[in-house]
Amino acid sequence: MIIAFALAAAVLFGSGAYLLLKRDLVRMVAGIMLISQAAVLTIIASSLNRGQAVIHVGPDDDPSDPLPQALALTALVIGLATVALLLAMVHRVVVVFRTSEQDALAATEAEVEARLERKRQADREEVEGVEGAKEDDAEAIEHEELGRVR
Amino acid sequence: MALDRGRAARDEAAPAPRLTPDWPGWVACATAAVGFFACLVGWLAGGDGFSVPWAPSLDLHLSFRLDGLGAIYGLLATGIGALVFAYGTRYMTLHLEHERRGAVERWRFWPWMLLFAMAMVGLATAQDLVLVFVFFDLTAVCSYYLIGFDRSDSKARTSAVMALLVTVVSAVAMLIGAVLLYAAYGTFAIPELIERVGPSETTTVAAALIAVAALAKSAQVPLHFWLPRAMAAPTPVSAYLHSAAMVAAGVLVIGRVHRLLERSELVMTGLLVIGALSIVVGGVLALRRDRLKQVLAYSTISQYGYMVLLYGMGSSTSNGAAAFYVMAHAVAKSALFMTAGAVTMATGEDRLSKLGGLGRRMPVLAVASAVAAASLAALPLTIGFFKDELFFAAAWEEGSVTTVLAVVAAALTLAYIGRFWVTLFLGAEKGQVTERSVVMVAPVAFLAAVTVVGGLVTEPFARLAASAGEVTAGRPVEVDPGYHLELSPENLMAIAAWTLGGLLLAAPRLTTVLSRTLARAGDLFGPRRGYEAMLHGLDRASAGVHGLEVRDLRSSIAAVLVPAGLLVGLAFAATPTDGAFALGHVSGADWVILPLLGLITVVTLVIARSRSRLAIALALSVVGFALAAVYALIGAPDVALVAVMVETMLALVFVAALARLPQEEPDEDRGSVVRKKRRRRDVVAGSIAGLAAFVTVWGFLSKPAAESVSDDHIRLAPEAHGGDVVTAIVADFRGLDTLVEITVLLVAVIGVATLMRRGKTW
Amino acid sequence: MVRRSGRGAAPDSVVRVVARMLPAPSVMVAAALIVKGYAEVGDGFAAGVIVALAVSLTYVAVGADGAEAVLPVLRHAPKIAVTGLLLALASGFFPLVYGEEPVSHQPAPGEPLTKFGKLELFTQLLMDIGVFLLVVGVLVMLLHQFGRLRGEEKS
Amino acid sequence: MLLSIALLLPWVAGAVLLIANGRNRAVAWLAVSTLVATLVVLAFLAAEVYGNGNVRVVTGHWPEGIGIVLEADPLGVTFALLSVLVVTAAAAYESVGGVRTRTFPGLVVILAAGLNGLFVTADIFSFYVFFELAMTASYALSAYGGKRRQLRAALVFTAVNLLGSFIFVLSVAGAYRVTGTLAMEQIAERMLEVNPNAVLLIATGFFIAFSVKLGLFPFHFWLPTVYAGARPSVAAILSGAVANIGAYGLLRFGAGLFPQQLEQAGLALIILGAVSILYGGVLAVSRGDVAEMLAYSAIGQVGYVLVALGVAGPVGLVAAVLYSVVNSLNKALLFLASGVRGALVAGAFAIGSLSVAGVPPAAGFVGKLELFRTGILADSTALIVLLVAGSALSLVYMFQVYQRCFWRADPAKAKASPLPQRLIAAGLAVLVLAGALWPEPLLALSGQAVESLTSSSPGAS
């Protein structure tokens, strides 16, 4: 069973990861949901004992490990919370950018990049100096000779 | 140049606004003067020190001592400081008026000047290597702001940052050296280090590192190129920092740790070579510079080369000579810088080729600067004569190579400084004198007077130098300069130097060729070229790498998944896997669970391949409910229950959100090769992630612990009034987690509200 | 809008389909709760979600505006949620007043307590009520936010 | 008691503030005063911890491990103090400028509660829930401002960090599976007897989760987009407070729970750290945008922490703690200063720049000193060259931007920002200065923190 749980969790995780890489933001949310399921399944699979439900345990019973169950409950709720938040975010992004494709989002980055070019040049000039305004040593000496000729 | 522009503006427009008297400057001046007398009194009283713990964890102390070496540099920093500050009150007022900047700009100037003076005094007296480093960098920071004072001038800013980069980055070497010594000898205190350190490889490395920092600060070849650029600073800054203070700091540090450097033959030889190189390079380049301050800047490089050379010799004589030299040079050089500034302020010109014959129009300045120039050129009756006498004596002791070098060095000095003064004050009248200021000439005259007094009464200076030499050499040093009319080697060398210098002065064609060839070579292969190429290359590399970096969301995620997978793979490979993985047993309810897990796997894969969002939504629910069934079968009814409910809620919200999204994109996978390629890449990344998860999860599932804290939970549950142990854990044993968890829920919904309607919760 | 190419399922019909599917699991869940007898400590979370699911049915059936008109109490959801959290926190941290450690319940473990049938009265109950209130409040807020998307887009 | 109050105060206040209208000035200032109060409580707690040893609370009066163990030790309180300080500064800064979204004050206070919790808990699952609390609050915060850039930043931040959180949960499950407990102390003990393969895999999971949070190379791709996109106050919170989770986590889990694995992975950590330093440093040079430059700088700076951690040993760990603290202050200062203009701010930015480059008189110099000690103890010339190269790079990128934005520009032309905002930046700058002028508290603090960390780890016994 160990390997079965591991396999199932891994498939959930891997498929989730694959979906995260999709261009469609809705698929990204689905990916996170799958990964969240993988986490809960792993927590449950980490039980140190699998038996009957741990309610009114008698001395002869073989109860399941209750702690991972408690953790899984928490993880489930947190998963719900974060997925809801992510969904809202995706929704907002789609409304604002009018697209659910990630490539379109990246395109806005390119605009910003283009605007930054001028500032970049200015930065460069702060340490490297303005092109053409540099005065080399030899030039500086020739200045003097020109002055003398005049 | 900023000055020209300012002047042009003044000529065209209405007269520049007159500024109020520069009282911040005078306060700085008074403070420096008080500092000077404090240093003097302190030294005369025997030069005591103190040491208080600073950072005991690192064994750092605030330890200061006003010994001979500290006294010299302290007196120079405060004494010359006071004079330059006085000069600066007028100079800066005029400068600001020309540039039409307000009086408020003084607050960007004087605090830095004063802080610089304080840092210099601190550096001169500090006895702890880290403390020395702190003051050392403090002077660099001050100098950055002072060089870059003319903020609107791009050249000033570039020069400031160059000075900062060169001096601060090389200063790091000193810190490393200090830490190296600390690691080996357990202290940062210089006196203790001197006692403990013996010759070793560590010593050599540490000494070399400290020397690198000091040499860069003293603008020695090949890290000298920042100094000529730093001439973009207002003249008082150059007169102070680049004659008596900033550049002196390097030599000061060499003196301070000289007895450590002595432990390494290699480092001492290095000092000799670098000193000699700097003398020649600086001297030759100074021969033919056109801008006044450039001549002086290259001269400074050359002159500090003398001192480095002297410390490199390491004899008693040379230690004393170095200390004497620093005094004589500082006095002369700051006077000459102030002369240059006064001339430029008076005429608006800063090039030798545009100036001449000022002697008749500015006689006091001419005489005073003549004395200073003579002192630099080591003519008799000036204190400078003795600096060279001591220098010659030490060089003669050292051997024939240094003897020749010393003569050449002195000849070069005479030649360039002679040209400087002669061109400025003699010959045909060039340039108009429009501005005369007593305040700007008096300090020069005062320094000239000091120079002459020093040329006649050497005793106080010699005593100071001897005392400093004693600190640097670690043994009594005799400094006893005087006029001896005899055929001593020193006198012969002096005569040879004057003759050679005179010849150089008389042969401008030769010096031009010499100077220009060297300058051109420097332009092509010099260290400044390297510096510029490095910055340029850095910028190109930076932009290039950035161009390669794709930063959309998917790459961000892939950049987590793939390296994470590789790291897991690495971890997997790094440890023995024998018996690390187990298959586990199948029994009882497992026979139902297995097909459920199979179903989950299949549906998950379907989701990954699905082209329809709605199908994804439904399949997600299937996965969720199947998992809930698994939980129920495994003996976790609470989890199953909550899973069902959470799944329902999620399905609801997901579909609700989905319904409002714009139309589904055409088709992710249709057609193009790019898409196919990307899809293949995604599959690879997803597989790596899945595989890593598999290895990890399988790995730890295979090694269950023998006992668990949950046994205690089961045992104690009745005590917690809980029939259902899971509920008892959630509500009691780990109730805190539950409190946080529900808060997360609230915060998430608030987050949703923030996104959906700008935080309106209803 | 979900408009799957060619097949033309209108979004509202999708929602309606899902809505029609929903009562089944939620009723089942409610039944399970009762049968299992959570009364011993009570599970605030489950109870909260059930109520929220019931509310969500109203949302699905009559739309957001309709639901909020029918159940005006819903508009207090944020306050209910925060009250719930504060209640839970109070039950968790009030022992500090006695110098006890947080999340210690009164009566303390092992001590006798009052019972109402199967319902045991002790401070943990407060925490559960808090959780219940919070979950109801939060989930209703969530429904509100997601249920009114269209109006938001228009504005 | 103090410990519980430090936790409860921002928690309760945050809960209430969440549904209040934060655009109301009173609400915003209520949030700030709550944070200040929390800071005061934390300061008392820190005094207690440093004076009389760790403060320990087990919830529900149960035996340790059965109830959740909360333990304020020097490392924890140091990070808690630091993070809440940064959050407070950012919140005050935003309150002065006018809060733009209703929920900002509440989220910030709740974030502080989450951070406090995770820095004082000694239980890995409760660490996870507090971590989620802090992260959920920061996901919501990252969209603050609501413009396109912020939204994009928020999406990237949320998606990537959610992934990181789930990786973390997997490792938590693993840690429970192989040790049967969740209390850190017991986990550390029992890990010694577990199969090294499983332990290393679990440790790798934790490492990845924290590296993502910190934005170490190569997990850093999200970081520039986010820091550059978010508003200055949010960027300050993310880089100065939330990123501390990563540094703290690496220290607490690496040195505390997995000391052997840390040692095994030393070289790998050093290499990753070195690449981070160079990569972040080089890319920061040609950015043009202050925030983006700072973001890349952040990638480089956390590299130092990782290198120090890789070298480990007492000196390495002290350097790691010290550098994390200094770096967090630097980043908060620089991000806040980057958003405003005026005389005081220029000075503050300059001090921050010097600190990043490790130049006295700014606190970064103490960090560099410790790093050099680390490098020399590791006897690695390559490491020292790397540190020097990193410093040189940071000088270049900090000062070119400083000159363009603060030195060159005529202050008369640029409209100065509200004085209180500038004062906040200046206040942080004074703190950075003080850290260098009187480094002993920083050094002693880090020393004790590391002592508490290593004495509790099984390697010591």
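From a predicted model like this one, the values you see are computed outputs, not experimental measurements.
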Task: Side-chain heavy-atom pair B/Ile616, A/Arg27 within 4.5 angstrom cut-off - done: yes

Open item on the list: Is B/Arg734 in contact with chain A via its backbone, its side chain, both, or neither, using a 4.5 Å heavy-atom distance?
Closed with: side chain

TODO: Name the option with the most non-hydrogen atom pairs under 4.5 Å to chain A; the candidates are B/Asp590, B/Leu650, B/Val752.
DONE: B/Asp590

Task: Contact summary for B/Ile714 and A/Pro63, nearest pair of heavy atoms - done: CD1-CG, 3.7 Å

Open item on the list: With side chain to side chain donor-acceptor pair (under 3.5 Å) as the criterion, how do A/Tyr18 and B/Arg609 come out once you've worked through the C-alpha distance, each side chain's angles and the decisive distance to 0.1 Å?
Closed with: CA-CA 10 Å; A/Tyr18 172 75; B/Arg609 289 191 52 84; over 6 Å; no

Task: Contact origin within B/Val630 toward chain A - heavy atom pairs under 4.5 Å - done: side chain

- [ ] With a 4.5 Å cut-off on heavy-atom pairs, point out which of A/Leu86, A/Val83, A/Leu7 contacts chain B the most.
- [x] A/Leu7

TODO: Can you tell which part of A/Met33 gets under 4.5 Å to a heavy atom of chain B, answering side chain, backbone, both or neither?
DONE: side chain

- [ ] Of all the heavy-atom pairs spanning B/Ala705 and A/Leu48, show the shortest one and how long it is.
- [x] N-CD2, 3.5 Å

- [ ] Could you walk me through whether A/Val127 and B/Thr158 pass side chain to side chain contact (heavy atoms under 4.5 Å, CB included), step by step?
- [x] CA-CA 5 Å; A/Val127 290; B/Thr158 317; 5.8 Å; no

Task: Top of A/Ala38, A/Gly14, A/Ala9 for chain B proximity - count of heavy-atom pairs under 4.5 angstrom - done: A/Gly14

TODO: Examine whether an atom of B/Ser159 lies under 4.5 Å from a heavy atom of chain A, and if so say whether it belongs to the side chain, the backbone or both; otherwise answer neither.
DONE: neither

Task: B/His546 NE2 to A/Leu116 CG distance, which is reported to the nearest 0.5 Å - done: 8.5 Å

Open item on the list: Run the side chain to side chain contact (heavy atoms under 4.5 Å, CB included) test on A/Glu128 and B/Glu532 for me, step by step, so that the C-alpha distance in whole Å, both residues' side-chain angles and the decisive distance to 0.1 Å come before the verdict.
Closed with: CA-CA 7 Å; A/Glu128 286 182 38; B/Glu532 279 162 2; over 6 Å; no

Taking only distance into account, with no hydrogens and no angle test, what donor-acceptor pairs under 3.5 Å do side-chain atoms of residues 70-77 of chain A form with protein atoms, sequence neighbours excluded?
{"residue": "A/Thr74", "atom": "OG1", "partner": "A/Ala70", "partner atom": "O", "Å": "3.2"}
{"residue": "A/Thr74", "atom": "OG1", "partner": "B/Glu741", "partner atom": "OE1", "Å": "3.2"}

- [ ] Give the C-alpha distance, both sets of side-chain angles, the deciding distance and a yes or no for side chain to side chain contact (heavy atoms under 4.5 Å, CB included) between B/Ile593 and A/Met1.
- [x] CA-CA 9 Å; B/Ile593 297 174; A/Met1 281 312 282; 3.9 Å; yes

- [ ] Could you check if a side-chain atom of A/Phe5 sits within less than 4.5 angstrom of a side-chain atom of B/Ile634, using non-hydrogen atoms only?
- [x] yes

Task: Rounded distance [0.5 Å steps], NE2 in A/His91 versus CE in B/Met756 - done: 5.5 Å

- [ ] Can you see which heavy atom on B/Tyr631 is nearest to which on A/Gln37, and at what distance?
- [x] OH-O, 4.3 Å

Open item on the list: Please identify, among A/Gly79, A/Gly31, A/Ser64, the residue contributing the most non-hydrogen atom pairs under 4.5 Å to chain B.
Closed with: A/Ser64

Open item on the list: How long is the straight-line distance from CG of A/Leu19 back to CG of B/Asp682, given to the nearest 0.5 Å?
Closed with: 10.0 Å

Task: Candidate list B/Thr601, B/Ile607, B/Thr604, test side-chain contact (heavy atoms from CB on, under 4.5 Å), partner A/Leu12, passing option - done: B/Thr604

Task: Working for side chain to side chain contact (heavy atoms under 4.5 Å, CB included), residues B/Arg678 and A/Leu21 - done: CA-CA 10 Å; B/Arg678 191 146 70 193; A/Leu21 298 171; over 6 Å; no

- [ ] Spell out, as yes or no, whether a donor-acceptor pair under 3.5 Å connects the side chain of A/Arg124 to the backbone of B/Leu535.
- [x] no

Open item on the list: Just so I know, are the side chains of A/Leu80 and B/Glu647 near enough to count as touching, which here means a heavy-atom distance under 4.5 Å?
Closed with: no

Open item on the list: To the closest 0.5 Å, what do you measure between CD1 (B/Ile557) and CG (A/Leu20)?
Closed with: 4.5 Å

TODO: Could you have a look at A/Val29, A/Leu41, A/Thr42 and say which one has the most heavy-atom pairs with chain B under 4.5 angstrom?
DONE: A/Leu41

TODO: With a 4.5 Å cut-off on heavy-atom pairs, point out which of B/Val683, B/Leu691, B/Val730 contacts chain A the most.
DONE: B/Val683

Task: Non-neighbouring partners of B/Phe733 that pass ring-ring contact (aromatic ring centres under 6.0 Å, His included), sequence neighbours left out - done: B/His713, D/Trp62

Task: Contact winner vs chain A - B/Asp737, B/Ile688, B/Leu594, heavy-atom pairs under 4.5 Å - done: B/Leu594

Task: Atom of A/Ser46, atom of B/Phe700 and distance for their closest heavy-atom approach - done: OG-CE1, 3.8 Å

Open item on the list: Taking every non-hydrogen pair under 4.5 Å, which of B/Val642, B/Val697, B/Leu627 racks up the most with chain A?
Closed with: B/Leu627

TODO: Heavy-atom distances under 4.5 Å only: say whether B/Leu561 touches chain A with side chain, backbone, both or neither.
DONE: side chain

TODO: Identify the heavy atoms of A/Ser15 and B/Leu605 that sit nearest to each other, and give their distance.
DONE: OG-CD2, 3.9 Å

Open item on the list: So which residue, A/Val90, A/Asp65, A/Thr82, A/Asp123, ends up with the most heavy-atom pairs under 4.5 Å with chain B?
Closed with: A/Asp65

Task: Closest heavy-atom pair and its distance - A/Ala81, B/Leu745 - done: CB-CD1, 3.7 Å

Open item on the list: Only pairs of heavy atoms separated by less than 4.5 Å count here; which of B/Leu746, B/Val653, B/Thr517, B/Val161 has the most with chain A?
Closed with: B/Val161

Open item on the list: Can you tell me how far apart CG (A/Leu67) and CD1 (B/Ile729) are? Round to the nearest 0.5 Å.
Closed with: 5.0 Å

Open item on the list: Whether the side chain of A/Gln69 engages the backbone of B/Gly635 through a donor-acceptor N/O pair (distance < 3.5 Å, no angle test) should be reported.
Closed with: yes

Open item on the list: Check this for me, if you would: do B/Asp539 and A/Arg120 make a salt bridge, where the nitrogen-to-carboxylate-oxygen distance has to be below 4.0 angstrom?
Closed with: no

